[in-house]
Amino acid sequence: MWCCSPVTENGSRLSYYGLKYNYMPEILNSDVVDVNSATFGGCFLRNTSIAEVIEGLLESKSMFLNRDVLRSTYVPEYLPHRDREVEALLKILVVALRGDTPSNILIYGKTGTGKTAVTTHVGDELENVGAKRGIPCKVLYMNCEVIDTQYRLLANLARSFGKRIPMTGWPTDQVYSEFRSAVDSTEQVVVIILDEIDKLMKKGDDVLYSLSRINSTLDHAKVSLVGISNDLTFTEFLDPRVRSSLGEEEIVFPPYNADQLSDILRQRAEMAFGNESLSNEVISLCAALAAREHGDARKALDLLRVSAELAERDGSMVVHVNNVRKAQSKIESDRVEEVVVTLPTQSKLLLYGITLLDKATESMRKPSGRKIMSTGEVYRIYKRMCAVLDLDVLTQRRITELISELDMLGIVNATVVNRGRYGMTKEISLETPADHVHRMLVTDTRLQPLLDMKFNSFQAQLGM
DNA sequence: CCTCCACCGGAACGTGAGGAGT
DNA sequence: ACTCCTCACGTTCCGGTGGAGG
C-alpha cells in the first residue's frame with residue numbers, strides 16, 4: 001500500500017489513515033507500508049474523517065495538468081522522429097482512398113519504437129480523410145496478444161461488422177465465412193492491423209493464410225493486412241506462401257536513441273506538466289535509462305510518469321533525479337510481482353524450488369554471484385515439494401516447458417548447455433533476488449505447508 | 001574416433017471445462 | 001440431454017544434441 005502525506009492549503013500535514021506524521025516517521029519515510037505490520041489499530045481516523053482526507057487530497061495542488069499524456073496508449077498529433085515511417089506507411093496505404101487494394105505490410109521494431117502509435121495514427125487519418133471524401137475505407141485494429149487464437153480473431157473481425165458470433169462453439173470455418181460475407185456485403189477497402197502478429201503464430205498460421213488469400217474470394221470489397229511484430233525472425237516460421245503474401249512491403253522501425261527519447265519526453269512533459277516541474281537532468285536520465293533498454297519510448301514515458309507520481313506523493317511539486325531512480329526500481333519490482341502473483345500453482349512451486357536451491361549454501365555460482373542450477377536438480381526438488389503438498393507431479397517434459405516460460409517472463413534465466421559426458425541440460429539462475437521472489441510467493445496459501453516449515457528442516461526433508 | 005550422458009524439444013494425442021446448437 | 005466445437009493443460013514417445021572421457 002502506498003502512503004502519502006499531502007500538504008493542505010494552510011500548509012499543515014494531513015494525517016492520512018490516522019497515521020500521525022510525527023508519530024510514525026519510519027513508516028512514512030519508507031516507500032511502501034505493509035498494512036499487516038503497521039499498527040493502525042487505536043488511532044484509525046481519530047482526528048480526521050475519510051471525507052476530510054479526500055477533500056484535502058483533492059484540494060492539494062497537483063503538478064499534473066494532464067496525467068494521461070504520459071501513458072504509452074496516448075497517441076499525440078505529432079510523433080517526433082517518426083516522419084520517415086509515417087510517410088512510408090502513408091504512401092503504401094493511401095491507395096485505399098483511390099479504391100485500390102494496398103499491399104500487405106509487415107512492420108518490425110522492438111517494443112516502444114512507435115510501431116503501434118504510427119500505425120494507428122495513420123489508420124485514423126486514413127479513415128478520417130476517407131469519411132470526408134465519402135470513400136468507404138475501414139481500418140480495424142486487433143491486438144493478437146489479447147485476441148490470441150484464430151477463432152477469437154475471426155470472431156472479433158466479424159463482430160466489428162455487426163455480426164453476432166458466440167464466444168466459442170462454432171467451427172472456425174463458419175466464423176471465417178461470416179466475416180467474409182460481412183466484408184463483402186458492400187464496396188469498401190478494409191485495412192486490418194494485426195498488432196503483435198507473432199503471438200498469433202503460436203496457434204498456427206492457417207488464419208493468416210486465409211486472410212492473406214481473402215481477396216481472391218471477394219467480389220466487392222478489398223482487404224489489406226498490416227502485421228506488426230517485435231520479433232524480426234518470426235516470418236522464418238511462417239508458411240512460405242503466407243510469408244511472401246504478407247510481407248509484400250516491409251518497414252523496420254529503428255530504436256530511438258537517447259536524444260530522440262529526450263525530445264519525445266520533452267513533448268509529452270510540456271503537455272503533462274506545462275511548466276518547470278522537472279529539470280533537464282530528469283528528462284535526460286529517463287531517456288538514458290530507456291535508451292539502454294533498446295530505445296524503448298514506452299519505458300521512458302513510464303519512468304517519467306512514475307517519477308512524477310512518486311514526487312507528488314512526497315508532497316513535492318518538482319521531480320528530482322532521485323525520484324527517477326526510485327521509479328526505476330518500483331517499475332521493475334511491480335513487474336516481477338505482477339508476474340509471480342499470477343503464476344499457476346505448479347509454476348509457483350517450481351519457482352519456489354528454484355529460490356530454495358538458490359539459497360542453498362554449497363553452490364556453483366556465476367561470476368555475478370548467482371547460483372546455477374540444472375533441470376534435473378530443480379526437478380528433483382520439485383518432486384519432493386509435490387510430495388509434501390500432496391500435489392500431482394508433472395513430468396519432466398512439462399517442467400522443462402514451465403522453466404522456459406519463467407525464462408520468457410524474465411524471472412529466471414535458462415540457457416541450454418551441453419556438458420559433454422554429463423549430458424545436456426538447462427542452466428537455470430534467478431534473475432530476481434531470491435528473497436524478493438520469496439516474499440511474493442508467501443502470499444499464496446496453497447504453499448502454506450511448505451512455508452510453515454523451518455528452512456533447516458525443510459532442507460533436510462527435501463534432501464538438500 | 002566412438003560412446004554415452006542427461007537432457008531438449010517436436011509431434012501426436014488425451015482429458016476435461018465450457019459454450020452453443022439441436 | 002446430447003453433440004460438436006475450441007482451448008488449456010498435460011502426457012508419452014522418441015529422435016536429436018554435442019562435448020567429456022575412454
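Proteins get letters first, then strands, A, B, ... in listed order; numbering begins at 1 in each.
- A/E405 has its CD atom 12 Å from the P atom of C/dA8, to the nearest Å.
- For A/K222, the salt bridge (Lys or Arg N to Asp or Glu O under 4.0 Å) criterion is met by no residue, not counting sequence neighbours.
- Phosphate proximity of B/dG9 to A/K426: present, with a side-chain N or O under 4.0 Å from OP1 or OP2.
- Of the listed nucleotides (B/dC8, C/dG10, B/dC7), C/dG10 has the atom at the smallest distance from the side chain of A/L394.
- Checking the phosphate oxygens (OP1, OP2) of C/dT11, a side-chain nitrogen or oxygen of A/T395 falls inside 4.0 Å.
- Between the CD atom of A/E178 and the P atom of B/dA20 there is a distance of 15 Å, given to the nearest Å.
- A straight line from OH of A/Y382 to P of C/dG10 spans 8 Å, rounded to a whole angstrom.
- In this structure A/K299 satisfies the salt bridge (Lys or Arg N to Asp or Glu O under 4.0 Å) test together with A/E293, sequence neighbours excluded.
- As judged by a 4.0 angstrom heavy-atom cut-off over every strand, A/V417 is placed among residues making no nucleic acid contact.
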Identify each atom pair where a protein N or O and an N or O of nucleotides 17-22 of chain C are less than 3.5 Å apart, giving names and distance.
unit_1, atom_1, unit_2, atom_2, d
C/dG18, O4', A/N418, ND2, 2.8
C/dG18, N2, A/N418, OD1, 3.2
C/dG18, N2, A/G420, O, 2.7
C/dG18, N3, A/N418, OD1, 3.1
C/dG19, N2, A/G420, O, 3.0
C/dG19, N2, A/R421, N, 3.2
C/dA20, O4', A/R421, N, 3.2
C/dG21, OP1, A/Y422, OH, 3.0

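- Dashed line: the shortest gap from a side-chain N or O of A/T400 to OP1 or OP2 of B/dC8 is under 4.0 Å.
- Listed by first then second residue, pairs satisfying salt bridge (Lys or Arg N to Asp or Glu O under 4.0 Å) with a partner in residues 396-411 of chain A read A/R397-A/E401, A/R398-A/E401, not counting sequence neighbours.
- Note on ring orientation: taking the six-membered ring where Trp is involved, the planes of A/F161 and A/F179 are tilted (angle from 30° to 60°).
- Cation-pi geometry between A/R84 and A/F253 is not met at under 6.0 angstrom from the ring centre and within 45 degrees of the axis.
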Please table the atom pairs, donor to acceptor, closer than 3.5 Å between any side-chain atom in residues 125-139 of chain A and protein atoms at least two apart or in another chain.
unit_1, atom_1, unit_2, atom_2, d
A/E127, OE2, A/V139, N, 2.9
A/N128, ND2, A/D124, O, 3.4
A/K138, NZ, A/S160, O, 3.4

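- To the nearest angstrom, C1' of B/dA6 lies 15 Å from CZ of A/R397.
- Listed by residue number, the members of residues 335-347 of chain A with any heavy atom below 4.0 angstrom from DNA chain C form an empty set.
- Between the P atom of B/dG14 and the CG atom of A/D392 lies a distance of 20 Å, rounded to the nearest Å.
- Judged as a salt bridge (Lys or Arg N to Asp or Glu O under 4.0 Å), and not counting sequence neighbours, A/E250 has no contacts.
- Here salt bridge (Lys or Arg N to Asp or Glu O under 4.0 Å) pairs that include residues 88-116 of chain A, with residues two or more places apart or in two chains, are A/E87-A/K91.
- Checking C/dT11, B/dC7, B/dG9 against every side-chain atom of A/T375, the shortest atom distance belongs to B/dC7.
- With sequence neighbours excluded, no residue forms a salt bridge (Lys or Arg N to Asp or Glu O under 4.0 Å) with A/D83.
- At the heavy-atom level, A/Q396 lies under 4.0 Å from the strands shown only through sugar-phosphate atoms.
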